[in-house]
Amino acid sequence: MSLFSVFNVAGSGMAAQSTRLNTVASNLANAESVASTPEAAYRAREPLFAAVQKQVGANSDAESEGVRMLGVTESQAAIPSRYEPGNPMADADGNVYASNVNPVDELVNMISASRSYQNNVEVMNTAKQLMVKTLNLGN
Amino acid sequence: MIPGTDNLFGIHTKALDVWQRRTEVLANNLANADTPGYLARDVDFRKALATASGQSAGLTLETDVPGQITTAGQAAQGLAYRVPTQPSMDGNTVDAQAEQAAFAANGVHYQASLSFITAQIRMLRTAISGQG
C-alpha cells in the first residue's frame, strides 16, 4: 500500500476508458454499414466495467483497487431495415439491414469517456507530484 | 533527551500515512466513476488518525497466530461509504466533481504534512550544525 498503487488504479481507469473510446469509435465508424440479414447487421457495442476487489479473506467489505473490463456487450435494440433494391447488399426482397447505432448515444459516451480519462490523468499527475515532493523531503 | 526516531516528527508521519491512504481510496473512486453498482468510499480522517496513533477508544483483539487479520487492521482502514447526493440509475454513487474536489484538498493536506516534517528536519539540522 503506497502512492504507487495509485498509479495502478489510475492506469486501470485509463485503460478502461480508452477501451470505451475504442468501442465508441468502432460504433460510429459502423453507424452507416448495412448487411443482407438482420443477424449480420452491426450492433452497437459497449464495454461493461466492474471494480477490482482487493482479496482480504472473506471480507466482502474490502476496498477495491482499480477497475476492469468484464466484457463487451452488444445492444439489443431493434435492427432497422430499409427498402433499397439498388443496393448490392439487398436481400431477395430488396431490403438492407442497417446498424442499430445511435450516434447521439455514442457522442455522449465519447464525452463521458474522455472526461473520465482526463480525471484519471489528473489523479496520476497529482500522485506523481506528491511522490516527488516526498522524495525531496528535507530539502 | 533525544526522542526516538518514531516520534521525531510527532503526529505528522501518521497523518501522512492517512492522507496517502485517502489518496488511494479517492483514486479508486475516480477510476470507478463509470462502474455500475460501485459505491464511493472515503476515509474518516479523525477515526483513521486516532487508530493510527493508538488513541482509538475501541477495544482491539489480540492476534497470536501469524497472518491472522487484526481487527485493528480492519479498523485502521477506517473506510466509510459516501452518502450520495445524486445517485445514478446504475447504482453508482461516485460524484466525479465531489471526488475531484476531495482529491485536490487531500493533495494539499498531504503537502502540508510534508511541510511540517521538512520544517522539523530543518530545525534539527540547525541544531546539529549550530549555524542558521
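Proteins get letters first, then strands, A, B, ... in listed order; numbering begins at 1 in each. Below, all heavy atoms of this structure are taken into account, side chains as well, without hydrogens, waters or symmetry copies.
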Atom pair [atom1]/[atom2] of [X] and [Y] - distance to nearest 0.5 Å:
{"X": "A/Lys133", "Y": "B/Ser113", "atom1": "NZ", "atom2": "OG", "value": "13.0 Å"}
{"X": "A/Ser12", "Y": "B/Asn28", "atom1": "OG", "atom2": "CG", "value": "7.5 Å"}
{"X": "B/Tyr110", "Y": "A/Gln129", "atom1": "OH", "atom2": "CD", "value": "12.5 Å"}
{"X": "A/Phe4", "Y": "B/Gln20", "atom1": "CZ", "atom2": "CD", "value": "10.5 Å"}
{"X": "A/Met124", "Y": "B/Leu30", "atom1": "CE", "atom2": "CG", "value": "12.5 Å"}

Test item: B/Phe103 and A/Asn119 side chains (from C-beta on) under 4.5 Å apart, heavy atoms: no
Student check: side-chain heavy atoms of A/Phe49 and B/Asp90 closer than 4.5 Å: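 No - every pair of side-chain heavy atoms lies 4.5 Å or more apart.
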Flag yes if [X] and [Y] sit in one hydrophobic cluster, no otherwise; membership is Ile, Leu, Val, Met, Phe, Trp, Tyr, and two members link when side-chain heavy atoms are under 4.5 Å apart.
{"X": "B/Val18", "Y": "A/Leu3", "result": "yes"}
{"X": "A/Tyr42", "Y": "A/Met110", "result": "no"}
{"X": "B/Leu124", "Y": "A/Leu137", "result": "yes"}
{"X": "B/Tyr38", "Y": "B/Leu79", "result": "no"}
{"X": "A/Leu21", "Y": "A/Ile111", "result": "no"}

Could you check which of [options] has the highest count of heavy-atom pairs closer than 4.5 Å to chain A?
{"options": "B/Ile117, B/Thr35, B/Leu26, B/Leu39", "value": "B/Thr35"}
{"options": "B/Arg125, B/Gln120, B/Gln111, B/Glu99", "value": "B/Gln111"}
{"options": "B/Thr118, B/Ile121, B/Leu114", "value": "B/Leu114"}

Applying a strict 4.5 Å limit to non-hydrogen atoms, the region of A/Arg115 in contact with chain B is neither
Would you indicate whether B/Phe116, at its atom CZ, is surrounded by more than 12 heavy atoms from other residues, nucleotides or ligands within a distance under 6.0 Å? no
So for atom CD, which belongs to A/Glu32, do other residues, nucleotides or ligands contribute more than 12 heavy atoms lying within a distance under 6.0 Å?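 Result for CD/A/Glu32: open.
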Among A/Val9, A/Val6, A/Thr126, which one satisfies side-chain contact (heavy atoms from CB on, under 4.5 Å) with B/Thr23?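 In the set A/Val9, A/Val6, A/Thr126, the residue that makes a side-chain contact (heavy atoms from CB on, under 4.5 Å) with B/Thr23 is A/Val6.
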Heavy-atom pairs under 4.5 Å with chain B - which of A/Val67, A/Asn120, A/Val52 has more of them than the others? A/Val67
Ranked by heavy-atom pairs below 4.5 Å to chain B, first place among A/Ala127, A/Ala113, A/Gly66 goes to A/Gly66
Quick check: closest heavy atoms across A/Gly13 and B/Ala31, and the distance to 0.1 Å?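 Closest approach of A/Gly13 to B/Ala31, heavy atoms only: CA-CB, 4.1 Å.
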In short, A/Val123 meets B/Ala27 closest at the heavy-atom pair CG1-CB, 3.6 Å
Any chance the side chains of A/Gln17 and B/Asp34 put a donor and an acceptor closer than 3.5 Å? yes
